[in-house]
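Note that these values count all heavy atoms, side chains included, but never hydrogens, waters or copies made by symmetry. Please read all numbers here as calculations on a predicted model, not as lab measurements. Along the sequence shown, residues carry numbers from 1.
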Amino acid sequence: MARSQERPGRRAAAALAALKSSAAAVLAAALAALPAAPAAASPDSGGGEGDTLTIAVSQPVDSLSPFLAQRLISTTIHRLAYDYLTNYDPETNETIPALAESWETTDEGRTWTFTIRDDVEWSDGRPLTAEDIAWTYTTMMEDEGAATANGNFVANFESATAVNDTTLRIELAEPQATMLALDIPIVPKHVWEDVEDFGAFNNDEDFPIVGSGPFVITDHRANQSITLEANDDYWREPPKFDRLVFRYMPEKDAQVEALRAGEVSFIAELTPAQADALRETENIAVNEATGKRFQAFTINPGARTQDGEEFGDGHPALTDRVLRQAIMRAIDKDEIVESVYGGYAEPAGGYIPARYENYHWEPDPDQALSFDVDAANEMLDDAGYETGDDGVRVSPDGDRLELRLHVHNDRPDYVAMGRLIDERLADIGIEIDNQTVDPGVLSDALYNGTYDLIFTGWSVNPDPDYVLGIHTCDALPVERGTMRTDAYFCDEEYDRLYEQQLANYDDPEGRAEQVRQMQEILYEEAVVNVLTYADTLEAYRTDQISDIQVQPDPGGNIWGQDGHWAWTSATPAQTQAASGPSVPAWALAGAGVLALVAVVGGVVLLRRRSATAEDRE
């Protein structure tokens, strides 16, 4: 069971000196009680001091091109720098207007007409119109490179047309359930139309990068940092921090020490031990949220392109579903929850985390690949996997079961899980070559098909279409290195259900049932193997950030939101101090000045912003 949510806040106390009889003495005492304001920080100096908020990240960006970026760090930055057609409410995760103010559908769901806001400008001052949106979608429809990251969203589009500056019309081949969840950053046509190769252009040549979001990307130092400046002309409420710096720090322990020292303002993906220790640290709040991300590993069933060309060197025995299922039966998910996550996780069943109740699936007891070493060994015995003199099994074709396991070296939880899997698979006669490597090395192995077992994990959006789409046959690589998948999975029944759920725009429960059936196929084929839904554990400095929005609210996460709410709502601590409770006016009579003194004590809890939906927009 996941532990209950606990969000300790800042312990702040300020003693107000005894008031003197003279007004001047009163003012001096009041000012003395105020906390000292931090000095302003440069973009690279870290912390949340002054107008800069620094976020430690362990993952380097894969691309600053919205057409190519797939890593969480990259898509997070794009949610800050670009607008989308619609967005997700920070409290409920339900669809809300963004660039599209309203919409209607006709022709039994095949035609969608969106009314586009008329008050949005690109950061270079040019107006954003329906033409920019139509051009973004059309480019993805017509260019394979531009479709790399998000092509599944437009694969069913017949056309995207700007009727006029404020009207966008999209014609579909078939009805599509994701039309209010098109998680595609809209790019400026006047900047991007001159790009010659969308599959190669990384959007990191000219700064500042033109966008329409609440922040503007102004600097990128590879494997060091990314800097964004607030867009004061943003059509929603502008950010409260002037600058965001994402600082690349691959070692999690180093991030923790930087947070303790005030060199960074926020860190995510804490281990349970780190979170528990930080709970006891002054000026640091820990946020615990139900996980929207799953932790998994995929098994190489044979890397191949869409036209059937095989490549890579995956172990040939892994094409056998019996072996893949036996591997799963040898792994104790409850052990992982307790020993790796200290109880801050749930053992996983289906592909969609339990946080999304409508789409979540669990296997029936009679079909569950539950932890049972004896059953796993019996499966392998019956399938002809004989045990050699060294205790390692050999496949019916004579191939010794020594399997490579690729693990991210920047994820302590994955490293710990890798060790456990190594130990548990030895119990069924499988020898593991544990290759704990840099994420770049791991990615190369995935794209080249030169792995056997490989760790993965995805953050799931409120609409699950994207993570389901990466396991369709269309997600296989057209040629090596162009894949959208992480498993080389291809199944006709899965694809049929995928198309059905995508077209089911007017029957939410029917669509949810189809999504659950897809998860059942993934589970039984045991190529994509979900282990846990880990709670989100993250921390921030309350003397640098006084207030920040979680999603959903209450109980939600800060990092990896579906939207920009955390970083646009984040309030510098000195701003709150400057507008906090005041010393009674009578106490300052005669001084001609009002001194603001914070006299609160105890715990200040993480608060959500009390604003209406219109205020947030």
Side-chain angles (χ1 to χ4, degrees), residues 6-12 35-61 72-73 76-77 221-227 241 243-289 340-342 344 407-417 419 436-439 534-546 548 557-560 566-567 570 572-574 603-604 606:
E6 179 183 355
R7 298 191 215 153
R10 177 182 59 178
R11 296 182 177 90
S42 69
D44 295 318
S45 64
E49 299 176 339
D51 296 322
T52 298
L53 189 161
T54 302
I55 302 157
V57 295
S58 57
Q59 187 182 55
V61 298
L72 179 58
I73 174 62
T76 295
I77 289 170
R221 304 179 188 182
N223 296 320
Q224 295 184 49
S225 66
I226 298 176
T227 302
F241 276 94
R243 182 183 301 107
L244 295 182
V245 176
F246 293 84
R247 178 181 291 181
Y248 178 59
M249 302 179 70
E251 297 296 330
K252 188 61 63 177
D253 288 340
Q255 291 186 20
V256 171
E257 290 310 309
L259 185 73
R260 290 182 186 275
E263 297 171 1
V264 300
S265 310
F266 174 89
I267 59 176
E269 298 177 339
L270 295 169
T271 66
Q274 290 167 340
D276 288 342
L278 287 173
R279 291 187 196 277
E280 307 302 321
T281 304
E282 186 178 7
N283 294 328
I284 291 178
V286 173
N287 183 51
E288 178 187 340
V340 175
Y341 291 103
Y344 290 99
V407 183
H408 304 69
N409 66 4
D410 62 335
R411 291 290 303 266
D413 54 340
Y414 284 9
V415 172
M417 280 192 284
R419 293 180 184 135
T436 301
V437 296
D438 180 84
D535 292 353
T536 296
L537 297 173
E538 48 199 3
Y540 66 96
R541 291 200 63 93
T542 55
D543 56 351
Q544 297 177 5
I545 303 172
S546 67
I548 194 166
N557 50 289
I558 296 172
W559 178 249
W567 311 118
Q574 62 267 33
V603 177
V604 178
L606 177 67

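For W567, the ring pair (Phe, Tyr, Trp, His ring centres under 6.0 Å) partners at least two apart in sequence or on another chain are F266. Y414 pairs by the ring pair (Phe, Tyr, Trp, His ring centres under 6.0 Å) definition with H408, F455, not counting sequence neighbours. Considering only residues two or more places apart in sequence or on other chains, D438 meets the side chain to side chain contact (heavy atoms under 4.5 Å, CB included) condition with N409, V441. Checked against side chain to side chain contact (heavy atoms under 4.5 Å, CB included), A416 has the following partners two or more places apart in sequence or in another chain: V340. Remark: Q59 pairs with R71, L72, I73 by the side chain to side chain contact (heavy atoms under 4.5 Å, CB included) rule, at least two apart or across chains. For A534, the side chain to side chain contact (heavy atoms under 4.5 Å, CB included) test picks out Q295, Y341, A345, with sequence neighbours left out.
Side-chain N or O atoms of S58 include none that pairs as donor or acceptor with a backbone N or O of M249 at under 3.5 Å. Remark: side-chain polar atoms of Q544 are paired, donor with acceptor, to backbone N or O of G262 under 3.5 angstrom. Proximity of a side-chain donor or acceptor of R243 to a complementary backbone N or O of T227 within less than 3.5 Å is not detected.
Using a 4.5 Å cut-off on side-chain heavy atoms (C-beta onward), L259 and R541 make contact. Between N287 and T536 there is no side-chain heavy-atom pair separated by less than 4.5 Å. Side-chain contact between V264 and Q255 is absent, with no heavy-atom pair separated by less than 4.5 Å.
When only modelled atom types and interatomic distance are considered, D253 and Q274 share a side-chain donor-acceptor pair under 3.5 Å.
Heavy-atom contacts from other residues, nucleotides or ligands closer than 6.0 Å to CZ of R419 number 12 or fewer.
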